[in-house]
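In this text the structure is predicted, and so the values were computed from the model without any measurement.
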Amino acid sequence: MSTTRRTLTLALLLVAAGSLAFATGAAVVDGPADTVADGDLAIQPADGPNGKYAYLNDDDEIAIDVSASNPNIKDPSFEGVNVGTTGTIDDVFTVTYTADEYAHVWIDYASENVTFVADGDSIEGEANNVTLAPNETVTVGLELDTRGKAAGTQLGADEFSIEARIAEPDEVGGTGASTQQTGDGGPTTTVTSPSADRREFVASGIGRGEGVRFLAEGMELAGDDVTLEGIDLEGVRNERVELNAAGSPDPFANESALTAPTRPRPVGYLSLDYDFAPDAVDATTIRFSADPAYLNETGTDPEDVTLYRQTDAGDWEEVSVEIVDEEVVDILGLPEDRVHFRATTDLSSTFAVAAHAPRYDVTEATLSPEAIEPGENVTVRTTLRNGGGAAGERAVTLTANGTPIANETVTLEPNETATVAFDSTFETAGAYDLAVDGTAVGTLLVGDPASDDAGGSGDESNVGTDESATVTGPPEEPFGIEFIQLGGLLAALAIAAATVVLFRRMPRS
């Protein structure tokens with residue numbers, strides 16, 4: 001892919017030739033644009049107030065001009081950038097990648113006073129490249145440092161270059177930034193991927209009450225087993241929002257692990273750091289997905305996958321989760337080899353994806369009679385309740401002095417109860433501590449435990465059973481788990497002095 005050179009005098013001039021109109025994918029390039037890198041990159045002034053610093057010059061090249069020479073600046077008192085200051089002009093111009101493969105894009109420029117930035121980070125040098133998917137856009141701004149400069153001087157060198165190269169398949173998914181804008185002029189969203197388990201989201205140009213859709217595209221919550229696909233904000237009342245997301249299979253430092261009465265199994269944690277008040281949005285939708293192979297390996301029914309949010313008080317509150325229909329997955333273009341979920345909730349700093357699991361609790365246990373002669377029968381009756389959030393089947397075990405002597409398989413729905421009766425005989429005199437699944441039932445006296453022949457104090461090899469354990473009693477009315485859907489710091493650069501003009505020169509063949 002080709003290199004395109006430009007020049008800088010702050011008035012910063014960048015070049016654009018031709019008139020393009022693209023309407024594919026997440027980005028739309030409409031109107032005149034500078035095309036470089038064999039036509040695969042389109043450069044345009046950004047929407048918003050700081051886009052006035054970029055314009056098409058007489059040579060059909062984009063000019064980035066932060067000086068009185070800029071024809072877009074009508075204020076006669078504006079002369080340039082203040083001396084002795086630092087600051088950032090966000091969202092000056094955009095670079096849109098229009099080819100069919102992923103590409104790394106960066107800017108080569110050597111200056112101590114002017115730095116090209118995207119979402120606050122330098123994109124100068126290949127090491128700081130942004131990775132763009134087909135039809136994705138990065139919005140570029142300027143970071144300025146005029147300390148030690150005199151009024152009237154020019155900042156920076158005269159030339160810089162925009163570089164691009166095709167990304168190898170194993171490079172895609174690493175660090176980078178991309179920007180998407182809706183075709184109807186809606187909010188512009190920038191997504192930066194510092195690592196596989198982190199995303200940084202920025203949205204600007206949001207109309208009051210408008211929605212914002214952030215694409216996380218597989219940010220890891222528990223490796224590739226569970227990933228974040230996106231976050232949607234509804235009814236936003238800020239013109240600009242920032243939201244940083246991080247995932248982890250374990251609780252974050254200084255954060256408590258998931259706890260809930262039904263003892264769900266935590267799968268992955270999501271941490272959100274945002275720069276707006278929670279009541280500045282009406283609702284937040286968390287979209288995540290799971291690998292079907294992982295669900296099968298862990299014996300997790302998709303219906304048992306759920307989401308919890310941590311409240312300000314530190315408690316965990318369950319959120320209703322909906323499994324996304326396969327037809328919707330196809331319409332939205334989501335990966336079809338995964339199970340997709342969505343949950344609409346109030347905003348929180350910490351969420352946990354979890355799986356409901358059955359939990360059998362012994363709520364009552366009786367022993368009758370409490371004393372027998374060797375060879376006689378005894379009945380242990382216990383009531384079990386599934387206090388977990390999922391139906392399950394479990395083998396319930398009766399032990400004597402810790403040794404299993406009988407078991408029965410019981411299937412219960414959530415919150416359902418059943419009574420299990422074990423009928424057993426004991427051939428050897430002694431005292432036997434009986435328990436059901438570790439819950440003490442009582443001590444059974446067989447014969448005369450004080451006699452020399454008593455063998456029940458520690459050896460249960462002579463315990464007999466007719467293996468007639470039974471499950472009795474109608475279940476209680478079970479409860480069901482219902483899954484429902486659930487600018488710029490220097491925008492008015494006013495004053496005196498130093499000017500910088502950048503021109504993009506493109507070799508002509």
* Show your working on side-chain contact (heavy atoms from CB on, under 4.5 Å) between L228 and R287 and close with a plain yes or no. => CA-CA 6 Å; L228 178 70; R287 295 180 286 110; 5.8 Å; no
What's the spacing between [X] [atom1] and [Y] [atom2] if we round to 0.5 Å?
X	Y	atom1	atom2	result
T227	E220	OG1	CD	8.0 Å
S271	N244	OG	CG	9.0 Å
F276	L347	CZ	CG	5.5 Å
E322	T285	CD	OG1	10.0 Å
Y308	T345	OH	OG1	13.0 Å
T96	L41	OG1	CG	8.5 Å

Hey, are the side chains of [X] and [Y] touching, using non-hydrogen atoms and a 4.5 Å cut-off?
X	Y	result
D225	E297	no
V267	Y294	yes
V305	F288	yes
H340	I323	no
Y53	N70	yes
Y97	D40	yes
D232	R213	yes
V212	F201	no

If every non-hydrogen atom of [X] is compared with every non-hydrogen atom of [Y], which pair is closest and at what distance?
X	Y	result
V339	P302	CG1-CB, 4.3 Å
Y269	S256	CE2-O, 4.5 Å
F252	G247	CZ-C, 3.9 Å
T115	E124	CA-OE2, 3.2 Å
N50	D90	ND2-O, 2.7 Å
F214	V241	CZ-CG2, 4.2 Å

* Asked: How far apart are the C-alpha atoms of R265 and T300, what are their side-chain angles, what is the distance that settles it, and do they pass the side-chain contact (heavy atoms from CB on, under 4.5 Å) test?
  -> CA-CA 10 Å; R265 175 174 59 86; T300 304; 2.7 Å; yes
* Do you see a donor-acceptor pair shorter than 3.5 Å between the side chains of T139 and T94? ->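 Side-chain D/A pair, T139 to T94: absent.
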* Please check if any side-chain donor atom of T190 sits under 3.5 Å from a side-chain acceptor atom of D119, or the reverse. =>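 Checked: T190/D119 side chains show no N/O donor-acceptor pair below 3.5 Å.
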* Give the intermediate values and the outcome of side chain to side chain donor-acceptor pair (under 3.5 Å) for residues E229 and S289. => CA-CA 7 Å; E229 301 303 325; S289 70; 2.8 Å; yes
* Asked: V138 and E136: side-chain contact (heavy atoms from CB on, under 4.5 Å), yes or no, with the steps?
  -> CA-CA 7 Å; V138 59; E136 287 193 349; over 6 Å; no
Determine whether a donor-acceptor pair (N or O, by modelled atom type, separation under 3.5 Å) exists between the side chain of [X] and the backbone of [Y].
X	Y	result
W316	A257	yes
R359	G387	yes
E210	V236	no
R199	G230	no
S204	R240	no
S348	Q310	yes
N113	D145	yes

* To do: Quick one: do D346 and R309 satisfy salt bridge (Lys or Arg N to Asp or Glu O under 4.0 Å)? Show the steps, please.
  => CA-CA 8 Å; D346 293 334; R309 65 180 292 272; 5.0 Å; no
* Asked: Any chance CG of N296 has more than 12 other-residue heavy atoms, nucleotides or ligands included, within less than 6.0 Å?
  -> yes
* To do: Decide side chain to side chain donor-acceptor pair (under 3.5 Å) for D250 and S248; before the verdict, give the C-alpha distance in whole Å, the side-chain angles of both, and the deciding distance to 0.1 Å.
  => CA-CA 5 Å; D250 304 309; S248 173; 4.9 Å; no
* To do: Any chance you could lay out the side-chain contact (heavy atoms from CB on, under 4.5 Å) test for I231 and L272, step after step, and finish with the verdict?
  => CA-CA 10 Å; I231 298 175; L272 298 181; 3.7 Å; yes
* To do: Would you sort out whether D282 and R237 count as a salt bridge (Lys or Arg N to Asp or Glu O under 4.0 Å), showing the intermediate values?
  => CA-CA 9 Å; D282 289 340; R237 287 177 286 280; 2.7 Å; yes
